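All values derive from a computational prediction rather than experimental measurement.
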Amino acid sequence: MNFIKQFALQASGRIAAPPSGHKLWATPQRQQVIKSSTHSGNGKHMANLDNSVHSAGIEEVHNVPMSVIKRPIPSVLDEMKVQSLMATIDAETDADNVPPVDILWITGSEGGNYYFSFGGCHRFEAHKRLNRKTIKAKLVRSTLGDLYHYMGSSAPKYLA
Ligand SMILES: Nc1ncnc2c1ncn2[C@@H]1O[C@H](COP(=O)(O)OP(=O)(O)OP(=O)(O)O)[C@@H](O)[C@H]1O
């Protein structure tokens, strides 16, 4: 529980956009960005139910190339769910039906940007099988310490 709280607090203050000089991926549609939040009566943004605890404070959605995303932990998949998601994504009647996945965005100690994904297993698999070049994602500014929470000592040493 403490970990979740700690991670949520860390994530909430982070900027979503890549740093200046970094290649900025196209944001899908303004509509998509707006849908990821709702306005409360006092004008402040409130996260809606599509937001995960990690990305609740992040509104910006990027079309991230599938090729740059590292998924170090193999997915356990429900085949029916993958098929169903593929049908939804392929139909594209309403792109907002499938929310963006969260991606941990880490800058290496010697520079370079690295993108890790742990959840969103079914959405990722559906995009992969549909040969999609990109996936909608929220970039959660993260550290090597965050990666250790997911991967323990298997976290890549080249980032340290
Ligand atoms: N046909 C569909 N089947 C399943 N989910 C769908 C479908 N269409 C839209 N969605 C939405 O896609 C999202 C899927 O997220 P969900 O957490 O269920 O799976 P995932 O994150 O891709 O995989 P996992 O939770 O196993 O890592 C949900 O917000 C769900 O409402």
Side-chain angles (χ1 to χ4, degrees), residues 1-12 14 16-18 23-39 45-106 113-156 159:
M1 203 59 194
N2 270 345
F3 159 63
I4 294 172
K5 191 175 162 195
Q6 182 195 356
F7 203 96
L9 286 172
Q10 286 173 347
S12 62
R14 291 185 176 138
K23 185 172 147 195
L24 215 142
W25 295 302
T27 298
Q29 296 166 348
R30 185 65 193 149
Q31 199 184 356
Q32 168 65 35
V33 176
I34 291 166
K35 202 194 174 216
S36 64
S37 70
T38 53
H39 287 278
H45 281 89
M46 286 169 46
N48 76 4
L49 294 176
D50 281 351
N51 285 313
S52 75
V53 67
H54 306 302
S55 61
I58 297 172
E59 291 188 27
E60 198 163 347
V61 177
H62 299 267
N63 277 321
V64 178
M66 295 283 284
S67 58
V68 304
I69 303 169
K70 297 177 195 298
R71 291 188 60 89
I73 298 179
S75 301
V76 177
L77 297 170
D78 171 346
E79 182 60 27
M80 296 283 282
K81 186 168 168 179
V82 175
Q83 296 285 343
S84 177
L85 269 162
M86 285 172 72
T88 305
I89 294 163
D90 213 23
E92 279 187 343
T93 45
D94 183 357
D96 289 352
N97 278 342
V98 180
V101 296
D102 287 353
I103 290 179
L104 272 64
W105 166 32
I106 295 171
N113 291 288
Y114 300 87
Y115 305 93
F116 288 88
S117 160
F118 295 93
C121 304
H122 292 85
R123 281 169 283 176
F124 191 87
E125 182 66 20
H127 280 74
K128 196 166 121 187
R129 291 194 200 174
L130 287 168
N131 261 333
R132 293 295 165 105
K133 299 286 175 243
T134 60
I135 186 168
K136 282 186 307 181
K138 291 190 174 187
L139 300 179
V140 181
R141 225 12 184 143
S142 305
T143 64
L144 187 57
D146 298 329
L147 210 53
Y148 269 94
H149 283 296
Y150 287 95
M151 300 178 65
S153 56
S154 304
L159 292 176

### Message
Distance check, rounded to the nearest 0.5 Å: T88 atom OG1 versus Q83 atom CD?
### Response
11.5 Å
### Message
Could you check whether any side-chain N or O of R123 sits under 3.5 Å from a backbone N or O of P100, counting only pairs where one atom can act as donor and the other as acceptor?
### Response
yes
### Message
Please evaluate residues Y115 and K70 with respect to the criterion side chain to side chain contact (heavy atoms under 4.5 Å, CB included), reporting the C-alpha separation (whole Å), side-chain torsions for both, the decisive distance (0.1 Å), and the verdict.
### Response
CA-CA 6 Å; Y115 305 93; K70 297 177 195 298; over 6 Å; no
#### Entry: 4.5 Å side-chain heavy-atom contact, N113 and I106
no
### Euclidean distance, E60 CD relative to K138 NZ, rounded to 0.5 Å
10.5 Å
### S154 side chain vs G152 backbone, donor-acceptor pair below 3.5 Å
no
### Query
Are the side chain of S75 and the backbone N or O of L77 linked by a donor-acceptor pair below 3.5 Å?
no
### Query
Taking side chain as C-beta onward, heavy atoms only, is L130 less than 4.5 Å from I89?
yes
### Task
Evaluate the side-chain proximity of R71 to F118: yes if any heavy-atom separation is below 4.5 Å, no if none is.
no
## Note on the structure
Taken in chain and number order and not counting sequence neighbours, the residues that satisfy salt bridge (Lys or Arg N to Asp or Glu O under 4.0 Å) with R132 are D90, E92
### Query
So, do V64 and W105 sit near enough that their side-chain heavy atoms are less than 4.5 Å apart?
no
### Summary
Rounded to the nearest 0.5 Å, the CD1 atom of I103 sits from the NE2 atom of H62 at a distance of 9.5 Å
### Task
Would you mind reporting whether H127 and M86 have side-chain heavy atoms less than 4.5 Å apart?
no
### Query
What's the verdict on side chain to side chain contact (heavy atoms under 4.5 Å, CB included) for M66 and K128, showing C-alpha distance, side-chain angles and the deciding distance?
CA-CA 8 Å; M66 295 283 284; K128 196 166 121 187; 4.0 Å; yes
#### Entry: Side chains of S117 and L104 in contact at under 4.5 Å (non-hydrogen atoms)
no
### Task
Determine yes or no for a side-chain-to-main-chain donor-acceptor pair under 3.5 angstrom, with H122 supplying the side chain and D78 the backbone.
yes
### Task
Report yes if some heavy atom in the side chain of P156 is under 4.5 Å from a heavy atom in the side chain of F116; otherwise report no.
yes
### Task
Could you give me the CA-CA distance, side-chain angles and deciding distance for I58 and L139, then say whether side chain to side chain contact (heavy atoms under 4.5 Å, CB included) is met?
CA-CA 8 Å; I58 297 172; L139 300 179; over 6 Å; no
### Query
Would a 4.5 Å heavy-atom cut-off, applied to side chains only, mark F124 and V101 as touching?
no
